[in-house]
Amino acid sequence: MPELPEVESIKRSLSSNIVGQKLENYKIYDHRTNRYNTKKPTIKESLSGISRKGKLLIFDFEHYSIIFHLGMSGRIQVNDKKNKHTRARFYFDKDTVNFDDIRRFGFINIIKAELKIDYLNKIGPDVLEISTKQSRIIIDKSKKSKSLIKDFILNQKYMSGIGNIYANEILFASRIHPETKVNALSSNNWKDFFNNTKKIMRLAIKNNGTTLSDMTYFLPYGEFGSNQNFLKIYSKTNCFNCEHIIDKIYINQRATYFCRKCQKLKN
DNA sequence: GAATGAACCTGCCAGC
DNA sequence: TGCTGGCAGGTTCATT
């Protein structure tokens with residue numbers, strides 16, 4: 001499932017090859033992938049850069065930005081044949097970029113370049129870039145919330161980039177029970193949380209992201225990620241630290257793994 | 001305004 | 001063998 005590290009890995013892989021190329025044409029085949037676009041502007045410009053915020057991947061042109069959200073099963077493929085899951089194709093002067101998405105949770109949004117900042121400001125700060133000031137704002141918001149920590153950190157309006165797999169990993173590393181009310185967290189909990197988030201995300205980027213057994217995620221040129229070898233709690237049966245049996249519960253319909261010995265509930 | 005839950009979507013797998 | 005139901009989960013929208 002593409003979360004921050006997977007999107008960042010895709011961005012890095014594409015940047016060295018596609019940036020600078022001129023977009024000649026593009027096609028979006030699937031109405032659901034295209035659900036937020038009202039127009040199909042002609043973009044015959046060079047790709048000036050590729051950026052990312054949270055789980056969003058952005059192709060930057062002089063007058064337009066093409067925003068990709070990969071959803072659960074979206075991926076970017078370079079110079080691959082069109083297949084039944086190809087939802088869009090971008091024809092650059094040298095290479096062709098496919099947007100494939102089996103489950104069609106992803107989307108492509110084409111906006112004018114000057115609207116990009118406002119668009120991205122609708123989601124919270126990227127968890128790799130959170131400043132001290134931004135972390136204080138997040139903690140202030142948490143004090144007014146009755147949500148569970150697991151729900152809170154998955155909500156992209158507070159902070160962006162964390163998905164279900166890394167939420168489990170970060171809470172385990174921070175020894176926070178996923179059902180802890182967010183307003184009950186101490187300042188030390190938050191300090192651990194922010195530190196572990198950056199640590200876990202950086203390691204996952206170094207490993208090119210996490211490719212689970214369903215093999216849904218891989219990089220634009222076909223390489224798999226290797227961070228699945230470094231997961232400590234997600235989809236595991238015994239605790240990495242104490243060998244205790246790991247509990248699996250559902251919070252907001254999402255699989256949640258935790259060790260009741262290492263992550264005590266303090267509400 | 002915040003919290004909650006359903007809907008969207010497809011491939012895979014277990015059970016019958 | 002073939003069918004059915006459950007599961008995976010990010011986001012939006014409707015409801016409470």
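Here is the naming used below: chain letters follow the sequence lines, and residue numbers restart at 1 for every chain.
- Proximity of residues 136-147 of chain A to DNA chain B (heavy atom under 4.0 angstrom from any strand atom) is restricted to Ser145(A), Lys146(A), Ser147(A).
- Mapping Lys157(A) and Asp101(A) onto DNA chain B via the closest heavy atom, the residue that lands nearer the 5' end is Lys157(A).
- A side-chain hydrogen bond (donor to acceptor under 3.5 Å, both in side chains) with Ser174(A) is found for exactly one of Asn196(A), Asn189(A), Asp192(A), namely Asn196(A).
- Counting non-hydrogen atoms under 4.0 angstrom, Phe152(A) reaches nothing in the nucleic acid.
- Remark on DNA chain C: of its neighbouring residues His69(A) and Tyr250(A), the 5'-side contact belongs to Tyr250(A), judged by nearest-heavy-atom nucleotide.
- Among the protein residues, Lys122(A) comes within range of no part of the nucleic acid, since none of its heavy atoms lies under 4.0 Å from any strand.
- Across all strands, Phe68(A) comes closer than 4.0 Å to no nucleic acid atom at all (heavy-atom distances).
- Under the 6.0 Å distance and 45° angle rule, Lys40(A) counts as a cation-pi partner of Tyr26(A).
- No hydrogens or angles were tested; on distance alone, nothing pairs the side chain of Arg254(A) with the base of dA8(C) as donor and acceptor under 3.5 Å.
- The two residues Gly54(A) and Asp126(A) make their nearest non-hydrogen contact at N-OD2, 2.7 Å.
- The terminal axes of the helix from dA2(B)-dT16(C) to dC16(B)-dG2(C), fitted over 5 pairs per end, subtend an angle of 50° to the nearest 10°.
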- Task: Take Ser142(A) and Tyr158(A) through the side-chain hydrogen bond (donor to acceptor under 3.5 Å, both in side chains) test and state the conclusion after the steps.
- Result: CA-CA 9 Å; Ser142(A) 78; Tyr158(A) 297 124; over 6 Å; no

- Task: Determine, stepwise, if the pair Phe90(A) / Phe68(A) fulfils ring-ring contact (aromatic ring centres under 6.0 Å, His included).
- Result: CA-CA 12 Å; Phe90(A) 295 83; Phe68(A) 297 85; 5.5 Å; yes

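- One distance of note links CD1 of Ile162(A) with CG of Asn155(A); it measures 11.0 Å at 0.5 Å rounding.
- The aromatic rings of Tyr257(A) and Tyr234(A) sit perpendicular to each other, their planes meeting at more than 60°, with 30° as the lower class boundary.
- Applying the side-chain contact (heavy atoms from CB on, under 4.5 Å) test to Arg87(A) and every residue at least two apart in sequence or in another chain returns Asp30(A), Thr33(A), His85(A), Phe99(A), Asp101(A), Arg104(A).
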